[in-house]
Protein chains: 2
Amino acid sequence: MARGCRREQNLCHGRFKEYGYRLTMSRQAILDVLSKTKDHLSAEEIYHEVHKVYPSSGMSTVYRTLELLVDLGIVHKFHFGDGRSRYEIDRGEEHNDHHHHHLVCTKCQRVINYTDFIDDEIELLRRTEKGLSKKYNFKIVKHILQFYGLCERCKEKQ
Amino acid sequence: MARGCRREQNLCHGRFKEYGYRLTMSRQAILDVLSKTKDHLSAEEIYHEVHKVYPSSGMSTVYRTLELLVDLGIVHKFHFGDGRSRYEIDRGEEHNDHHHHHLVCTKCQRVINYTDFIDDEIELLRRTEKGLSKKYNFKIVKHILQFYGLCERCKEKQ
DNA sequence: ACTGTTAATGGGAATGGTTCCCATTAACAG
DNA sequence: CTGTTAATGGGAACCATTCCCATTAACAGT
Ligand SMILES: [Mn+2]
Ligand SMILES: [Mn+2]
Ligand SMILES: [Zn+2]
Ligand SMILES: [Zn+2]
């Protein structure tokens, strides 16, 4: 297995063993791909990357593993408006660039992670979550905040 | 055509004519369904409703019309996590319950429109939009803010 | 009201992302 | 090393959405 972020290896070892899941080549390869990129990869893109290092892997395993990783909270799944799901590893609490929101170009599909204003946002969201969960008796697990529009390049082209 | 919200009829007449689009039975029926519900209907649900009143209508027309309505800003398209798109008419600026965000149950797919805390949210979002569009030279057109979790019923069941 | 132009329709086929199935493989506990 | 069984991979199935095209109907001009 190629060397990825050591933290990720520990994390996956830890979580997988902990829950009784087996640490297979496919799962390691998929985690490795996700921990090495800052992009928001589709299942197919992940499949292609994994394939380079571990050519016998299959699409169904990629989907199955991604679903598991999302359930375990290790990976986040997003929809940015091009009809496919996109995946991003959770970088945890240790970096301070951990939690971020997204800026999405509706023309070229470019996605920017931004953390500007994040403190104000997080604070308001926390407050809102508290209020909403009380009023609607809802157990809130996560939120999604995305801004859509035209990026620098697409804006000037038209 | 059944009587829907009069405002909607004017709006659709207005907008359609204005842009040179024809005001067909299908389009009227679709707008009528959307303006009568507070739910977030899928294309298929809209198709079934339209079918009751105008049985010769077809799915492709529903999809085609929804795309047009979204482009014109008359209808909003959402993804709440069950693999289908959901549509909601834009209730405009006149009601003060117009702009809202969503609370989504990941188990039963129930969606709540909430406007609590909306003023604080809108203010922060406007500020963030301003900052982001300057820093990233982005033309921001819309935002999506959704909270995911377990609703009252699903929470207690497990 | 009638007519011609052509935008829009509807049905069905095609597409594409995702899920399902099942015979085979390999992780790992003992 | 071995047995148990979770996990895999390939391909078929599924299902939401898009595409295609012959037919229909909206509506501007008369
Ligand atoms: Mn991101
Ligand atoms: Mn809504
Ligand atoms: Zn762009
Ligand atoms: Zn629920």
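Below, all heavy atoms of this structure are taken into account, side chains as well, without hydrogens, waters or symmetry copies. Naming: A, B, ... by sequence-line order, numbering from 1 per chain.
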How close or far is atom [atom2] of [N] from atom [atom1] of [X], stated in whole angstroms?
X       : N      : atom1 : atom2 : value
B:Tyr47 : D:dC15 : OH    : P     : 17 Å
A:Ile46 : D:dG9  : CD1   : C1'   : 17 Å
A:His51 : D:dT8  : NE2   : C1'   : 13 Å
A:Met59 : D:dC14 : CE    : P     : 19 Å
A:Asp82 : D:dT18 : CG    : P     : 12 Å

Validation row: B:Phe117, A:Lys135 side chains within 4.5 angstrom (heavy atoms)
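Side-chain contact under 4.5 Å: no.
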Under 4.0 angstrom between [X] side-chain N/O and [N] OP1 or OP2:
X       : N      : result
B:Ser60 : C:dG10 : no
B:Tyr63 : D:dT17 : yes
B:Arg64 : C:dA8  : no
A:Arg84 : C:dG16 : no
A:Ser26 : D:dG9  : yes

Can you tell me which nucleotide in C:dT9, C:dT19, D:dA7 comes closest to the side chain of B:Thr24?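 Output: C:dT9.
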>> Can you tell me which nucleotide in D:dA7, C:dT18, D:dA26 comes closest to the side chain of B:Met25?
In response: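 Given the options D:dA7, C:dT18, D:dA26, the side chain of B:Met25 is closest to D:dA26.
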ask   = So, the side chain of B:Thr106 versus the backbone of B:Gly149: is there a donor-acceptor pair under 3.5 Å, distance only?
value =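 Yes; judged by distance alone, with no hydrogens or angles, the pair exists.
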**Report entry** Check: B:Ser35 side chain, B:Asp32 main-chain N or O, donor-acceptor pair, under 3.5 Å
**Finding:**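 Side chain of B:Ser35 to backbone of B:Asp32, a donor-acceptor pair under 3.5 Å: yes, one is there.
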Note to self: Over all strands shown, is A:Tyr54 touching base, sugar-phosphate only, or nothing at heavy-atom distances under 4.0 angstrom?
What the structure shows: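 If one applies the 4.0 Å heavy-atom cut-off, A:Tyr54 turns out to touch the sugar-phosphate alone, with no base involved.
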Task: Sugar-phosphate, base or nothing in reach of B:Ser57, heavy atoms under 4.0 Å - done: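 Answer is sugar-phosphate: B:Ser57 comes under 4.0 Å of backbone atoms only.
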### Query
Is there a donor and acceptor pair closer than 3.5 Å between the side chain of A:Ser56 and the base of D:dG9?
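Result: no qualifying N/O pair found.
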Taking for each residue the nucleotide of DNA chain D bearing the nearest heavy atom, is the 5' side occupied by B:Arg22 or by A:Leu68?
->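 Of the two residues, A:Leu68 wins.
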Watson-Crick or G-U counterpart of [N], or none if no pair lies under 3.5 Å:
N      : value
D:dA16 : C:dT15
C:dA1  : D:dT30
C:dA27 : D:dT4

Whether B:His101 and B:His99 hold their rings parallel, tilted or perpendicular, with breakpoints at 30° and 60°: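 It falls in the perpendicular class, over 60°.
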Quiz item: Where does the angle between the aromatic ring planes of A:His102 and A:His40 fall among parallel (under 30°), tilted (30 to 60°) and perpendicular (over 60°)?
Solution: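 Plane angle over 60°, so perpendicular.
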Problem set entry | Along DNA chain C (nearest heavy atom to each residue), the more 5'-positioned of B:Tyr21 and A:Ser85 |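 Its nucleotide being nearer the 5' end, the pick is B:Tyr21.
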